[in-house]
Participant: 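What follows is a single structure, and I will ask about it in a moment.
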Amino acid sequence: MCATRCSGSLAVRYGTMRDNVINLQVVLANGDVVKTASRARKSAAGYDLTRLLIGSEGTLGVITQVTLRLQKIPESNVVAMCNFPTIKDAADVAIATMHSGIQVSRVELLDEVQVHAINIANGKDLPEFPTLMFELVGTEAYAREQTLRVQNISKEHHGFDFVFVETPEEKEKLWKMRKEALWANLALEPECEAMTTDVCVPLSHLAEVIARSKAEIDSSPLTCPVIAHAGDGNFHTVILFNPEKEEHRQEAERLNKFMVDAALLLEGTCTGEHGVGTGKMKGNPSSYTI
């Protein structure tokens, strides 16, 4: 988690791993054990070693201990879902919601292929359209008020079938489907493996990069569900390919490169939370020369 500076669906409210680590204990290449910071809330004493090591992917040292920042659980939250005729409409609503100042802790986007996979894996009958899932937080009255604001924004962008739930059991059911999306995708084509890729762009460019990528994906022979942490401009594609077929692997790598290139052209990054590793070294801006 720390080594790749990863995050998840709650990053839109609480930030990435970088924002939730107070200090680290690290073993350096020469065997020295160092602690990167104290527990003070802030410090101006020298280099910010904690932030330097988070996301370094093992190149600077091995992280052996982490001190985390605790977050208060909100008093109340509401989970809402809405369908849209196109994935661009859904992305536009995610952007408008974030720009409106509404207090959300999650804004998740699923395309129609992902919803289809969830239906098959869970025996559901959800409408197979691009879908947004929201979690709105605050006091009970405030969360409900913000839910109505999101509903109005959705209507302005052709949203339909807007629903929201408030009981713990109903909320857990909805998020369980989202959390198990990867396994639903693998069940969709059991003979295939998944190449999971992610890119991240400034929020203002999210609709454009998703629309470009979706057009390319839809013309591909491979099945590629799209999932996005839409509130912070981060989206994933699960590219399903048969590892026994070389043309499948080449097509998966081509799609991955297309999305990385599209994100970089829009002032984004080759990965929002999965890390660079060896697979995305060519897409990492730090590898460029001037």
Participant: With side chains defined as the heavy atoms from C-beta onward, is the minimum distance between V209 and K214 less than 4.5 Å?
Facilitator: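 Not touching, per the 4.5 Å side-chain cut-off.
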Participant: When rounded to the nearest 0.5 angstrom, what distance separates OG1 in T147 from OH in Y142?
Facilitator: 10.5 Å
Participant: Just by distance, do the side chain of H157 and the backbone of I153 share a donor-acceptor pair under 3.5 Å?
Facilitator: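 A pair under 3.5 Å: yes.
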Participant: Does either side chain, that of E170 or that of T167, offer a donor lying less than 3.5 Å from an acceptor on the other one?
Facilitator: yes
Participant: What's the spacing between E244 CD and R249 CZ if we round to 0.5 Å?
Facilitator: 9.0 Å
Participant: Decide yes or no for Q103 and L136: does some side-chain heavy atom of the first lie under 4.5 Å from some side-chain heavy atom of the second?
Facilitator: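 No, every pair of side-chain atoms sits at 4.5 Å or beyond.
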Participant: After noting the C-alpha distance and the side-chain angles of L109 and I227, does the key distance pass the side-chain contact (heavy atoms from CB on, under 4.5 Å) rule?
Facilitator: CA-CA 6 Å; L109 187 155; I227 318 169; over 6 Å; no
Participant: For residues V113 and T223, determine if any side-chain heavy atom of one lies less than 4.5 Å from a side-chain heavy atom of the other.
Facilitator: yes
Participant: Is there a side-chain contact between E251 and L255 in this structure, where contact means two heavy atoms from C-beta onward sitting under 4.5 Å apart?
Facilitator: yes
Participant: Just checking F129 against F160, ring centres under 6.0 Å apart?
Facilitator: yes
Participant: With side chains defined as the heavy atoms from C-beta onward, is the minimum distance between M1 and V66 less than 4.5 Å?
Facilitator: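 In short, these two side chains do not touch, never coming nearer than 4.5 Å.
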Participant: Less than 4.5 Å apart, any side-chain heavy atom of L110 and any of M133?
Facilitator: yes
Participant: Between K173 and E169, is the closest basic N to carboxylate O distance under 4.0 Å?
Facilitator: no
Participant: Could you tell me whether E267 atom CD has more than 12 heavy atoms of other residues or ligands within 6.0 Å of it?
Facilitator: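 For E267, atom CD is not crowded (no more than 12 foreign heavy atoms under 6.0 Å).
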Participant: Which atom pairs, one a donor and one an acceptor, fall under 3.5 Å between side chains of residues 88-96 and the rest of the protein, sequence neighbours left out?
Facilitator:
from, atom 1, to, atom 2, distance (Å)
K88, NZ, D92, OD2, 3.0
D89, OD2, T86, OG1, 2.9

Participant: Would you be so kind as to tabulate the donor-acceptor pairs closer than 3.5 Å made by side chains of residues 233-241, with sequence neighbours excluded?
Facilitator:
from, atom 1, to, atom 2, distance (Å)
N234, ND2, D198, OD2, 3.2
N234, ND2, V199, O, 2.8
H236, ND1, H274, NE2, 3.3
H236, NE2, H229, NE2, 3.3
H236, NE2, E273, OE2, 3.0

Participant: Please check if any side-chain donor atom of T4 sits under 3.5 Å from a side-chain acceptor atom of E57, or the reverse.
Facilitator: no
Participant: Whether the T36 and T50 side chains hold a donor-acceptor pair (N or O, under 3.5 Å, no angle test) is what I'd like checked.
Facilitator: yes
Participant: Please output the side-chain donor-acceptor pairs of residues 70-85 that fall under 3.5 Å, not counting sequence neighbours, one pair per line with the distance.
Facilitator:
from, atom 1, to, atom 2, distance (Å)
Q71, NE2, N20, OD1, 2.9
N77, OD1, K171, NZ, 3.0
N83, OD1, T131, OG1, 3.0

Participant: Salt-bridged, E140 to R144, with N to O below 4.0 Å?
Facilitator: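 Yes.
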Participant: With the threshold set at 4.0 Å, does a side-chain nitrogen-carboxylate oxygen contact exist between E191 and K245?
Facilitator: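 Salt bridge absent between E191 and K245.
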Participant: Can R254 and E216 be counted as an ion pair, charged N to O under 4.0 angstrom?
Facilitator: yes
